[in-house]
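So the structure is just underneath, and the comments pick up after that.
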Amino acid sequence: MPTNSKTLIQERAQPICVEATRAAIDTFLAARLAGDTEQLVKIFADEVDWRLADNPAAPWIRPRKTAAECAAQFTELMHHTVPEDARATIETIIVDGCDAVLMGYLSGTVRATQKTFEGPFALHLTVEDGRITRHHLYENSLSIAEACLQR
């Protein structure tokens, strides 16, 4: 089967894209772990396709679009949860070209209620020109909502 020039370009670009994607993920994870919002602003693109299931009970879960808004999510999360109780374990990272999926388990405690939340997560990231352009997080939003409810 003959290959066209577009296929050949994609095949040649793939290893470079994989390396750049992996480097951006490493930078993102290190910045999240360190709470380095300045570095998070740098790693997110100017405009980000941010997706996270609506969860009105959780004030840190809201629509975001700019690098600064995306980076601020970490600060807001730490403000509304107990940082010492925050846990995230990454069990799998799959990189395919400019896309990556991180899968694992997270848990935490909501500061206002002292209730805990936990569950699996999957994070789909896309990296273009060394910056994250897509951040789609799938998590146990029911557990988080229940932990946020005052009763």
Measuring only between side-chain heavy atoms, which start at C-beta, is [X] closer than 4.5 Å to [Y]?
X    : Y    : answer
I93  : M103 : no
H124 : R134 : yes
T66  : V48  : no
R32  : L77  : yes

What is the distance from atom [atom1] of [X] to atom [atom2] of [Y], rounded to the nearest 0.5 Å?
X    : Y    : atom1 : atom2 : value
E118 : D85  : CD    : CG    : 12.0 Å
F44  : F28  : CZ    : CZ    : 4.5 Å
M78  : R111 : CE    : CZ    : 9.0 Å
T116 : R87  : OG1   : CZ    : 12.0 Å
F121 : L106 : CZ    : CG    : 6.0 Å
T126 : D96  : OG1   : CG    : 10.5 Å

Minimum heavy-atom distance P83-T81, with the two atoms named: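 Heavy atoms only, the tightest pair is CD-O, 3.1 Å.
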
Same apolar cluster (I L V M F W Y, side chains within < 4.5 Å links), V41/F74: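 In one cluster: no.
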
Can you get from W60 to L149 by hopping between Ile, Leu, Val, Met, Phe, Trp and Tyr side chains that sit under 4.5 Å apart?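 No, W60 does not connect to L149 through the hydrophobic network.
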
So which of E69, Q73, R62 actually passes side chain to side chain contact (heavy atoms under 4.5 Å, CB included) with W50?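 Only one of E69, Q73, R62 forms a side chain to side chain contact (heavy atoms under 4.5 Å, CB included) with W50, namely Q73.
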
Going by side chain to side chain contact (heavy atoms under 4.5 Å, CB included), I132 matches just one of D49, L125, L40. Which one?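 Only match with I132 under side chain to side chain contact (heavy atoms under 4.5 Å, CB included): L125.
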
Residue pairs, two or more places apart or on separate chains, that pass side-chain hydrogen bond (donor to acceptor under 3.5 Å, both in side chains) and touch residues 138-150: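 Sorted result for residues 138-150: empty, none.
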
Going through the checks in order, is the salt bridge (Lys or Arg N to Asp or Glu O under 4.0 Å) test met by E76 and R64? CA-CA 12 Å; E76 294 170 20; R64 297 168 194 276; 2.6 Å; yes

